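Predicted model, so just to flag it, every value in this text is computed and none were measured. Order of the sequence lines sets the chain letters (A, B, ...), proteins ahead of strands, with each chain counted from 1.
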2 protein chains.
Amino acid sequence: MNINGTPTRTIRPLSDHGGVEIIDQTLLPHRLEFRTLRTLEDAAEAISVMRVRGAPLIGAAAAYGVALALAEEASESRLETACARLLATRPTAVNLRWALERMQTHLAPLPAAQRGEAAWNAAAVLCDEDVVLNQSIGRHGMELIKWKHEQSSRTVNVMTHCNAGWLATVDWGTALAPVYTAFDAGIPVHVWVSETRPRNQGAALTAWELAQHGVPHTLVADNAAGHLMLHGQVDLVIVGADRAASNGDVANKIGTYLKALAARDNGVPFYVAVPGPTIDWRLADGSGIPIEERAAHEVTHIQGQAEDGGVTSVRLAPAQSGAANPAFDVTPARLVTGVITERGICPATQEGLAQRYPEAGVCRTA
Amino acid sequence: MNINGTPTRTIRPLSDHGGVEIIDQTLLPHRLEFRTLRTLEDAAEAISVMRVRGAPLIGAAAAYGVALALAEEASESRLETACARLLATRPTAVNLRWALERMQTHLAPLPAAQRGEAAWNAAAVLCDEDVVLNQSIGRHGMELIKWKHEQSSRTVNVMTHCNAGWLATVDWGTALAPVYTAFDAGIPVHVWVSETRPRNQGAALTAWELAQHGVPHTLVADNAAGHLMLHGQVDLVIVGADRAASNGDVANKIGTYLKALAARDNGVPFYVAVPGPTIDWRLADGSGIPIEERAAHEVTHIQGQAEDGGVTSVRLAPAQSGAANPAFDVTPARLVTGVITERGICPATQEGLAQRYPEAGVCRTA
């Protein structure tokens with residue numbers, strides 16, 4: 001999508017394959033800085049500390065991480081250790097495992113001399129596919145917004161959580177692809193952006209990317225979701241997912257489950273945008289999804305822009321108080337109105353998903 | 001409760017009646033500063049900008065605000081304008097109206113020469129009564145914690161929201177009075193403190209006061225409530241209220257409704273601590289409770305302690321993004337397991353409340 005009117009992707013290889021350029025998302029919304037990853041460790045660090053984040057973008061960054069690793073040495077053992085290193089960076093998003101398995105399956109059989117170039121190509125293909133998947137999610141999801149608008153002749157109020165916009169993917173986003181598609185088609189849409197504590201991806205990333213693209217939006221505290229729904233100010237909730245189980249349970253940023261409960265209590269449709277690579281067919285339900293516990297520091301401190309323009313971290317809590325920081329929660333399928341996939345919208349059930357992805361077969365651990 | 005081991009109240013008159021000393025709660029948890037209010041305007045400002053907050057403490061501060069106003073001039077018209085000025089400071093907490101009506105009813109019939117001294121006495125009585133009410137809520141609510149402990153022989157995990165501790169009252173607190181009572185009685189209790197964006201009263205005030213009193217606690221983002229309940233880590237939710245309608249609907253800090261939904265979905269008991277003065281008998285249900293909309297600035301910016309020790313405000317959101325900031329939500333009575341009053345625990349129903357407060361009669365607007 002656009003930054004200052006210029007179409008931009010979140011990740012792209014340098015033309016000489018000497019590195020991969022990313023947007024350092026830890027500095028947004030205060031500073032737009034591009035950063036070049038030149039080694040496997042650069043890529044692993046960028047994923048760990050969330051310079052790149054969002055399930056699809058984590059997958060794309062890991063694929064390029066493999067390419068960077070093989071540029072140093074293209075042996076099969078190097079391929080294996082690189083994939084293991086990248087897989088360990090973050091536990092919840094299944095796209096990471098998906099991307100690494102795909103790279104490994106593609107690259108392992110090749111002669112070492114071909115692996116390096118093949119890795120760059122495979123990562124580029126994966127990125128291009130991500131864009132196509134998201135555009136397709138956008139077209140399908142846009143119908144929900146269009147339908148709401150045709151019903152009411154009013155601006156459609158979409159609530160989202162965290163950032164499942166283009167910054168979470170290579171381009172377009174998952175949950176926000178329908179919003180961008182509707183907006184570009186002239187359908188009046190407004191987004192309630194919940195700030196998404198503790199990392200504030202809503203306030204820092206979703207608000208920023210919507211502002212850059214010119215989409216009307218309003219920031220609210222996560223706590224405001226129920227109140228807004230109770231007062232008829234939300235027509236539709238669309239969120240992304242870090243991992244969906246084969247029965248339609250979805251792990252997404254902590255707090256998603258609360259929004260789903262509020263949507264159910266107020267009759268607001270609650271949709272999850274899930275591209276195929278985010279579905280974990282090995283899991284019968286969401287109880288098996290590993291939930292990342294991140295540092296207490298992310299709760300007790302927060303980063304922002306001081307009056308002098310500098311980006312700084314401030315402490316919010318008393319020094320004596322500890323904090324817990326589960327980064328995701330699992331929303332049970334029963335609270336999900338539907339799943340927006342690149343192959344259309346389906347019920348959040350094993351049958352619904354299996355019908356869209358017949359090649360996936362049944363859950364392997366069921 | 002204790003500050004550094006010293007029993008302290010949140011508000012107290014100077015012995016010469018030249019002013020009222022409060023803790024400036026906008027500086028906590030980073031700095032403990034007492035501040036003297038000397039005029040009606042000082043009191044109104046302190047309530048408006050939340051140097052004092054919490055429904056019972058707002059009532060107490062308003063009562064002393066009347067005393068400060070009458071110290072300047074004790075006419076009946078001064079009494080009326082002072083009450084009107086204080087009533088306009090914040091709309092949601094009904095204790096404000098209750099305290100002012102009580103002061104006015106008591107003071108208006110008196111000769112002007114007696115009003116000044118009578119106002120100081122009436123405010124002191126109101127404060128002493130608040131302490132007694134809260135101690136009583138503590139004794140009744142403690143039974144819930146004790147019972148959970150006897151059932152499980154484990155530490156009882158209580159979740160709360162915002163600050164309904166002693167900082168929200170004259171002493172003891174409402175929602176936290178049962179926790180302090182249980183803790184002082186040696187019952188093992190641990191509190192999940194949700195930070196309570198956007199004003200962070202959980203992180204700033206609840207964590208601080210629990211730490212000062214030595215009560216084990218862990219800070220979490222508001223978003224974590226559902227996940228913790230789903231994983232059996234919460235035995236009991238206890239929150240306060242800014243106003244309860246006569247049917248048991250309760251307005252409390254924004255986000256309370258989401259916690260109530262999560263509690264219901266996971267079979268976790270959800271209690272609201274409500275002293276009598278917080279019940280608005282004029283309202284048939286919660287739909288008539290005015291919800292304060294506060295400044296967008298409270299969402300887009302946050303205050304914290306910088307590395308150099310200074311307390312500073314940083315911007316969290318892009319400059320182009322607007323924000324909405326509803327400060328309270330209404331939790332429907334159907335989600336409330338019970339109301340902890342100073343007269344015992346009762347169902348969140350018109351009958352349940354009326355039985356505890358027979359003198360209140362039926363709802364006047366029903």
field: Selection from B/Ala225, B/Pro216, B/Ser321, B/Pro332 maximising heavy-atom pairs under 4.5 Å formed with chain A
entry: B/Ser321

statement: Between A/His30 and B/Arg315, the two heavy atoms sitting closest are CE1-O, 2.9 Å

task: Write down the atom of A/Leu316, the atom of B/Pro29, and the distance for their closest heavy-atom approach.
output: O-CG, 3.7 Å

query: Mind checking which of residues 262-272 of chain A sit less than 4.5 Å from chain B, heavy atom to heavy atom?
result: A/Ala262, A/Asp265, A/Asn266

query: For chain A, which residues from residues 227-238 of chain B have at least one heavy atom closer than 4.5 Å to it?
result: B/His227, B/Leu230

- line: Honestly, the part of B/Ile302 sitting under 4.5 Å from a heavy atom of chain A is side chain

Among the listed options A/Ser194, A/Pro198, A/Gly322, A/Ala221, the residue most often paired with chain B at heavy-atom distances under 4.5 Å: A/Gly322

- request: Could you look at B/Glu298 and say if it's the side chain, the backbone, both or neither that has a heavy atom under 4.5 Å from chain A?
  value: neither

message: Please find the pair of heavy atoms, one from B/Gln320 and one from A/Gln212, that lie closest to each other, and give the distance.
response: NE2-NE2, 4.3 Å

Pick from A/Gly226, A/Gly202, A/Ala306, A/Ser313 with the largest number of heavy-atom pairs that fall under 4.5 Å of chain B: A/Gly226

statement: Max heavy-atom pairs within cutoff under 4.5 Å with chain B, candidates A/Gly310, A/Ala319, A/Ala224, goes to A/Ala224

message: At a 4.5 Å cut-off on heavy atoms, which part of A/Ile291 comes close to chain B: side chain, backbone, both, or neither?
response: side chain

message: To the nearest 0.5 Å, what is the distance between CD on B/Glu195 and CG on A/Asn223?
response: 8.5 Å

- request: Could you tell me which portion of A/Arg334 (side chain, backbone, both or neither) has an atom closer than 4.5 angstrom to a non-hydrogen atom of chain B?
  value: side chain

task: Return the option, out of B/Val193, B/Thr218, B/Ile254, with the maximum number of heavy-atom pairs under 4.5 Å with chain A.
output: B/Ile254

query: With only heavy atoms counted, which part of B/Pro326 is less than 4.5 Å from chain A, the side chain, the backbone, both or neither?
result: side chain

query: Which heavy-atom pair separates A/Leu258 from B/Asp222 by the least distance, and what is that distance?
result: CD1-O, 3.7 Å

- request: Search all heavy atoms of A/Ala324 against all heavy atoms of B/Val220 and return the closest pair with its distance.
  value: O-CG1, 3.7 Å

Nearest atoms (heavy-atom pairs only) where B/Ala317 meets A/Leu219: CB-CD2, 3.5 Å

query: Relative to chain B, which segment of A/Glu209 carries a heavy atom at a distance below 4.5 Å: side chain, backbone, both, or neither?
result: neither

